[in-house]
Amino acid sequence: LYEITHRRTQQRPHDLVMKGRGGGRSGGKGKGGRHQRYPDGGGCSGFKGGGKMGWAEKKNNPWINSQIIQASKEANGIQQVLAIVEACISDMNLVNLSTSIHRLAKLSVTTPHSDEHLRQSPVTKLLLMGIAQAFSMTGEDGSLPQSLSNITWSLATLRIMDYRVLELAASLAVLNMKDFKAFELASLLWSFAKLCGSEYMTPVVGPLFRAATGRIVACVNGAGFRSLATAAWAFATSRQASQRLFRVISKEVQTCLPT
């Protein structure tokens with residue numbers, strides 16, 4: 001089973017694979033080598049003018065999210081998203097924070113050397129602090145698994161080892177385990193397997209993978225080959241696998257393979 005899943009997971013698309021990139025500085029920044037800022041430097045709270053509704057009037061969370069998504073589609077998407085984060089960080093909720101880091105991580109996959117720039121960026125540090133604060137104020141929430149999955153995948157993709165964020169994410173994942181979809185859980189486990197090889201994280205990883213075992217067994221039917229293969233790889237890599245889990249996965253995987 002491990003050989004099958006290992007071969008197949010090597011071929012999965014970029015949203016489940018950490019791209020190994022070397023060092024170096026990021027590609028182009030905004031004009032003058034700095035992140036582009038919004039008018040008057042005020043961002044979400046300061047800009048008014050031109051007879052149009054300014055950021056101060058628009059700064060609700062759905063609107064901020066739409067700005068992040070739109071910015072990520074621009075030619076200099078990383079710089080645009082960082083500018084919005086810097087301007088709006090105090091007004092962002094967990095969905096905004098999750099969208100921001102997820103878009104930055106996805107952009108880094110196709111932008112050489114940008115992951116190093118993002119790891120060193122003060123705005124990224126602000127973003128991680130905001131995520132940790134939002135996590136610390138969150139409990140049971142049926143919509144939380146998507147944010148947990150996106151954030152941890154982003155950290156793994158950018159190779160950011162933020163112990164505080166990971167510890168809180170693991171605790172919240174255990175608390176909300178019943179609400180995870182198979183692909184969300186597989187992505188989360190893959191991320192922890194990529195990042196948490198140190199003994200320091202063992203107290204965090206152990207409870208997470210034990211809770212995930214029961215959830216995978218419960219939702220294995222119809223989970224799909226990719227999710228099961230990714231989960232199997234994560235359990236094996238983290239040395240958290242159980243015979244019961246692999247028997248269940250093996251049986252279901254057989255139904256996904258061509259006959």
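Nothing here was measured: the structure is a model prediction, and the numbers come from that model.
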| task | Sequence neighbours left out, what passes ring pair (Phe, Tyr, Trp, His ring centres under 6.0 Å) with Phe209? Give chain and number order. | result | Phe235

| query | Going by heavy atoms in the side chains, are Leu155 and Ser191 under 4.5 Å from each other? | reply | no

| message | Can you confirm whether Thr237 sits close enough to Lys194 that some side-chain heavy atom of one is under 4.5 Å from a side-chain heavy atom of the other? | response | no

| query | Do Ile216 and Leu185 touch side chain to side chain, with heavy atoms closer than 4.5 Å? | reply | yes

| message | For Gln146, is there any backbone N or O sitting under 3.5 Å from a side-chain donor or acceptor partner on Ser149? | response | no

| Considering residues at least two apart in sequence or located in another chain, which fulfil the side-chain hydrogen bond (donor to acceptor under 3.5 Å, both in side chains) criterion with Gln120? | Glu116

| field | Where Cys88 and Ile64 come nearest, the two heavy atoms and their spacing | value | CB-CD1, 4.4 Å

| NZ (Lys251) with more than 12 external heavy atoms under 6.0 Å | no

| Hey, are the side chains of Arg247 and Ser250 touching, using non-hydrogen atoms and a 4.5 Å cut-off? | no

| request: Check the surroundings of atom CE in Met129: do more than 12 heavy atoms from other residues, nucleotides or ligands lie under 6.0 Å from it? | output: no

| Please, which pairs that meet ring-ring contact (aromatic ring centres under 6.0 Å, His included) have at least one residue in residues 71-106, sequence neighbours excluded? | His102-Trp153

| message | Quick check: do Thr230 and Leu189 have side-chain heavy atoms less than 4.5 Å from each other? | response | no

| message | My understanding is that only residues two or more places apart in sequence, or in another chain, count here; which of them pass side-chain hydrogen bond (donor to acceptor under 3.5 Å, both in side chains) with Ser98? | response | none

| message | Looking at Glu252, I want to see if its CD is surrounded by more than 12 non-hydrogen atoms of other residues, nucleotides or ligands under 6.0 Å. | response | yes

| Close side-chain approach of Thr157 to Val109, heavy-atom, < 4.5 Å | yes

| task | For Asn65, enumerate each residue passing the side-chain hydrogen bond (donor to acceptor under 3.5 Å, both in side chains) test, keeping only those at least two apart in sequence or located in another chain. | result | Asn96, Thr99

| note | The complete set of ring-ring contact (aromatic ring centres under 6.0 Å, His included) pairs with one or both residues in residues 64-90, sequence neighbours excluded, reads none

| task | Not counting sequence neighbours, list each pair that qualifies as a side-chain hydrogen bond (donor to acceptor under 3.5 Å, both in side chains) and has a residue in residues 164-184. | result | Glu167-Tyr200

| Partners of Ala173 by side-chain contact (heavy atoms from CB on, under 4.5 Å), sequence neighbours excluded? | Leu148, Phe180, Leu188, Leu208

| query | Do the side chains of Cys196 and Met161 get nearer than 4.5 Å, heavy atoms only? | reply | yes

| request: Mind running side-chain contact (heavy atoms from CB on, under 4.5 Å) on Arg119 and Asp115 for me, showing each step along the way? | output: CA-CA 6 Å; Arg119 285 194 297 272; Asp115 56 343; 3.5 Å; yes

| message | Please identify which of these residues, Leu168, Leu97, Val165, Leu166, meets the side chain to side chain contact (heavy atoms under 4.5 Å, CB included) condition with Ile151. | response | Val165

| message | Quick test of your reading: applying salt bridge (charged side-chain N to carboxylate O under 4.0 Å, His left out), list the pairs with at least one residue in residues 74-83, sequence neighbours left out, ordered by first then second residue. | response | none

| field | For Cys219 against Ala223, the heavy-atom pair lying closest together | value | O-CB, 3.6 Å

| said: Testing the basics here: between Gly139 and Leu172, what is the closest heavy-atom pair and its distance to 0.1 Å? | reply: O-CD2, 3.9 Å

| message | With side-chain contact (heavy atoms from CB on, under 4.5 Å) as the criterion, how do Leu118 and Leu107 come out once you've worked through the C-alpha distance, each side chain's angles and the decisive distance to 0.1 Å? | response | CA-CA 11 Å; Leu118 286 167; Leu107 287 168; over 6 Å; no

| remark: For Ser72, the side-chain hydrogen bond (donor to acceptor under 3.5 Å, both in side chains) test, sequence neighbours excluded, returns Arg103

